[in-house]
Peer 1: 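So that we are looking at the same thing, I have put the structure below in structure tokens.
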Amino acid sequence: MAKRVALVGVGMQKFEFRKKETVEEMVFDVARNALENARLGKEDIDAVVFGSAVDAFCGIHNSDKVAIAASGGLLKPTMRNSTSGSTAVSTPILAYEHVASGLYDLVMVVCFEKMSENNSAQAVFNTVYDEAFVRPIGLNVPIQCGLEARAYLHRYGITERQMAKVSVKNRGNALSNPYAQLPMKITVDDVMASQVLSWPVKLLDTSPVTDGARAVIFASEDAARELTDDPVWVKGVGRGADSVWFMGRRNSDLGRLDYAYLAANQAYEMAGIRNPRTEIDYAELYDPFTYKEMQHCEALGLCPEGGAGRMIDEGISLKDGPLPVNASGGLQGEGNPIGAGMSRLCWCYLQITGQAGACQVPKEVNTAVCNGWGGMYQYNAVMVIGRE
Amino acid sequence: MNEEHLARVIVKNTRNAGSHGQSAAPDVASVLRSDIISWPIRSLSRARDSDAACAVILASDKKARTLDREPVFVKGIGWSSDDGHLGRREQGTARETVWAARQAYEMAGIRKPDREIDFAEVSDWYAHRELMHCEALGLCGPYDVASCQDRGVFERDGALPVNASGGLLGKGNSVCTSGLIRVAEAVQQVRGQAAECQIPGAEVGVAHSWGGVTEAAAGVTVLGRW
Amino acid sequence: MGKKRPEMVVTGQIQIDYTWAVGKAGERFFTELKENKKVVGTRCRTCNRVLVPPRIFCEECFTDDVDWVEVAPRGTLVTFGDCYFSTDGKRLEEPWILGIVRLDGSDGGLVHFIEEARAEDLRIGMPMEIVFREEREGNILDILYFRPVKE
């Protein structure tokens, strides 16, 4: 059976567009920060797992090879994981499995993405589309969102103003986040007036392209108890992936993320959580676009299905609300370096351990959930962490 | 060691691949006459690119015992990455394979690989790499790899056959798939299902994968009947 | 959001041409499109679902026991998206529109251009039909676009 696994440290750094550091330098920075945070040395780490979603952004394939030495992983077992946007959480899940298997005591996970060195993020995303049915018709990221967001709003009666409130919340929350790229004090009207990319998605509904990395250290129970009296455990993990043929799925309605509900159910079952709305104290959800945070609130059971509009209207997910979501600012406010969206997990850990600084929510946080999403509307990975 | 040692790897593996191979087996002389790409690598020293897929199913010990098939057990695993920068690595030794093998052998309880391993499926993406990997995996024991080859140790009817399936030089290379194919070939050997490539009495084998164009990483698995 | 330039950079470009196989299913699909102006899908003989885009296997029954069936060149609009940028990033006055249409006689559909309609006139659930190109080459652009079915 799986052994118990704890998180014992995180490594943070600022997300920035056109970061001066190379991938190698970014990785060294967060790896060293994570070791410091956990009070460990590089010799203590048994294995390293890397996560990076799309090499075409930095234009150097197997970009993880420069991260081997930079993470302290030289000659150690290292591997790289990539599951599109859900890399952000599927990678720490992989690291968790290294320790849960009983084979390793201390495993570091480093996620990174350098997105700003190409001259067209869209051209990079085009390399993700299938060559025969999708690429020739010129699908692009704004229309991908338009297709999905329109279906979501239609299915549940969510409104553009409700989406806008998520942007206001997250960009505002990011003002307290020292690592954030794009904190902003804005209003719903500002969002509504921003440029329409593909209805209903507007510029202020999106998250910025950026460069950055994050690191987390997982520990076996024995190793964790040597480091802390108050371990934060991995309580549940889940993953779901749907067919790449999104236009021909059994459930063709992009408004409902069947694969996300599945992933969340797996994680909650493992964690013994029956009622997430009362048993989850805090969430960091994948919000590359405002409506995605809303879909994820529903799929992860933080509000009833179709109820994310009401949830934001009633202020439930505000920093001082009963179930805060993305007090860090999320991808909207902090930045979206795809794989390094593992920041969502990092912030859950910081909130539980009281290390969230100015982002710390007023309520007590014992159990938190985070997720990642990506692909052709395909992947979701969910992790629940918490105290005993 | 000289070029003839490299040529013999190519001859062995293309011959082992037999009718499943990419091409007819050359002899040493024709290998040594083939075009030089970058000495000592010749056009025939590099496995040809190929499309391939491979699937393997793993089961827990408990589950395996309920299934019809006689299981082949994963006795040990190990993997390791050397520095991503060419200039910072040692040349001429396969450090990443040494470290990966160390982990796998420790898990499998193997002390003397040259005695305890019956056969090996290793990456022969380039002819010289097969020899480096044999060394790094400890398959030569106290001898050097050239003298092992001279004595026919790695031939299909030798004491420790290497790439009886034909390896990548024999069948083609599809990068990461090639590594998993080594596992599949090893499983078939242990099961006695390797047909004309079968090594009599094969019970414990090692499967090895390697990536070393710019980066240098290796994976090693020990597979056995029990 | 100011773009600060790093002090030192190297520049480069990756330009690689590809010839992708369309696959066994793709070959039949695009051949029928080109030669017979027909849209076809694969029907799983176990669960009877008709897959479009067609596949040589049913992913739910996990079998390749499928046969080929014709599906209607019309269906229902599942969702659509408009875009005010051309593929090379220029802002457009009129958006171009893509939509997903579930094809009648199948359990799947296609994503393609929508024309002969403005975004504000489109409704999720409305009937749409395919307009074929006259000179076809055996690729997805043998379909020109979807348009709303005129009442």
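As the structure is a prediction and not an experimental result, all values here were calculated from the model. Here is the naming used below: chain letters follow the sequence lines, and residue numbers restart at 1 for every chain.
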Peer 1: Of the backbone (N, CA, C, O) and the side chain (C-beta and beyond), which part of C:Glu60 lies under 4.5 Å from a heavy atom of chain A, both, or neither?
Peer 2: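 Contact with chain A involves the side chain of C:Glu60 alone.
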Peer 1: Run C:Phe80 and A:Trp199 through side-chain contact (heavy atoms from CB on, under 4.5 Å) and show every step you take.
Peer 2: CA-CA 9 Å; C:Phe80 59 99; A:Trp199 192 89; over 6 Å; no
Peer 1: Heavy-atom distances under 4.5 Å only: say whether C:Leu98 touches chain A with side chain, backbone, both or neither.
Peer 2: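 Looking at C:Leu98, backbone and side chain both touch chain A.
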Peer 1: Can you check whether C:Val78 reaches A:Asp253 side chain to side chain, under 4.5 Å on heavy atoms?
Peer 2: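 No. Closest side-chain heavy atoms not under 4.5 Å.
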Peer 1: Tell me, for A:Leu254 versus chain C, whether the close heavy atoms (under 4.5 Å) come from the side chain, the backbone, both or neither.
Peer 2: side chain
Peer 1: Quick check: are there more than 12 heavy atoms from other residues, nucleotides or ligands sitting under 6.0 Å from CG of C:Leu144?
Peer 2: yes
Peer 1: Surrounding NZ of C:Lys150 (heavy atoms of other residues, nucleotides or ligands, distance under 6.0 Å), is the total greater than 12?
Peer 2: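 Correct, the count exceeds 12.
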Peer 1: Quick one: which of C:Gly41, C:Pro53, C:Gly81 has the most heavy-atom pairs under 4.5 Å with chain A, could you say?
Peer 2: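 The candidate making the most pairs under 4.5 Å is C:Pro53.
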Peer 1: In Å and rounded to the nearest 0.5 Å, what is the CG to CG distance from A:Leu197 to C:Asp82?
Peer 2: 10.0 Å
Peer 1: Highest number of heavy-atom pairs under 4.5 Å with chain A: which of C:Val22, C:Val101, C:Leu110, C:Ile14?
Peer 2: C:Leu110
Peer 1: Is C:Asn139 close to chain A through its backbone or its side chain, or both, or neither, when contacts mean heavy atoms under 4.5 Å?
Peer 2: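 Neither the backbone nor the side chain of C:Asn139 comes within 4.5 Å of chain A.
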Peer 1: Taking every heavy-atom pair that is under 4.5 Å apart, which of A:Glu148, A:Gln144, A:Arg135 has the most such pairs with chain C?
Peer 2: A:Arg135
Peer 1: Only pairs of heavy atoms separated by less than 4.5 Å count here; which of A:Asn119, A:Ile137, A:Asn126, A:Val196 has the most with chain C?
Peer 2: A:Ile137
Peer 1: Among C:Arg55, C:His112, C:Glu59, C:Arg49, which residue has the highest count of heavy-atom pairs closer than 4.5 Å to chain A?
Peer 2: C:Arg55
Peer 1: If you measure from NZ on A:Lys20 to CE on C:Met8, what distance do you get to the nearest 0.5 Å?
Peer 2: 11.0 Å
Peer 1: Any side-chain heavy atom of C:Trp20 sitting closer than 4.5 Å to one from A:Asp130?
Peer 2: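 Sidechains of A:Asp130 and C:Trp20: no contact.
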Peer 1: Considering only heavy atoms, which portion of C:Leu51 lies under 4.5 Å from any heavy atom of chain A: side chain, backbone, both, or neither?
Peer 2: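 For C:Leu51, neither part sits under 4.5 Å from chain A.
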Peer 1: Does atom CD of C:Glu94 have more than 12 heavy-atom neighbours from other groups under 6.0 Å away?
Peer 2: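 At most 12 heavy atoms, drawn from other residues, nucleotides or ligands, come within 6.0 Å of this atom.
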Peer 1: With heavy-atom distances below 4.5 Å as the criterion, would you say the side chains of C:Cys83 and A:Asn140 are in contact?
Peer 2: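 Side-chain contact under 4.5 Å: yes.
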Peer 1: How about A:Gln122: does its CD atom have over 12 heavy atoms from other parts shown lying under 6.0 Å from it?
Peer 2: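 It does: A:Gln122 CD has more than 12 such atoms within range.
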Peer 1: Which atoms form the tightest heavy-atom contact between C:Val9 and A:Arg18, and what is the distance?
Peer 2: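 Distance-wise, the nearest heavy atoms are CG1-NH2, 3.9 Å.
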Peer 1: Of the options A:Phe133, A:Trp245, A:Phe246, which is the one that meets C:Val111 in a side-chain contact (heavy atoms from CB on, under 4.5 Å)?
Peer 2: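 For C:Val111, the side-chain contact (heavy atoms from CB on, under 4.5 Å) test succeeds with only one of A:Phe133, A:Trp245, A:Phe246, which is A:Phe246.
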Peer 1: Report which part of A:Arg155 has an atom under 4.5 Å of a heavy atom belonging to chain C: side chain, backbone, both, or neither.
Peer 2: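 Contact with chain C involves no heavy atom of A:Arg155 at all.
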Peer 1: Hey, could you give me the OG1/OH distance between A:Thr127 and C:Tyr18, rounded to the nearest 0.5 Å?
Peer 2: 9.0 Å
Peer 1: At what distance, to the nearest 0.5 angstrom, does CZ of A:Arg150 lie from CG of C:Leu122?
Peer 2: 7.5 Å
Peer 1: To the nearest 0.5 Å, what is the distance between CD on A:Glu131 and OG1 on C:Thr19?
Peer 2: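 Output value for this atom pair is 11.0 Å.
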Peer 1: Are the side chain of C:Thr79 and the backbone N or O of A:Leu147 linked by a donor-acceptor pair below 3.5 Å?
Peer 2: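 Between the backbone of A:Leu147 and the side chain of C:Thr79 there is a qualifying donor-acceptor contact (under 3.5 Å).
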Peer 1: Can you name the nearest heavy-atom pair linking C:Leu141 to A:Pro136, along with the distance?
Peer 2: CD2-O, 4.0 Å
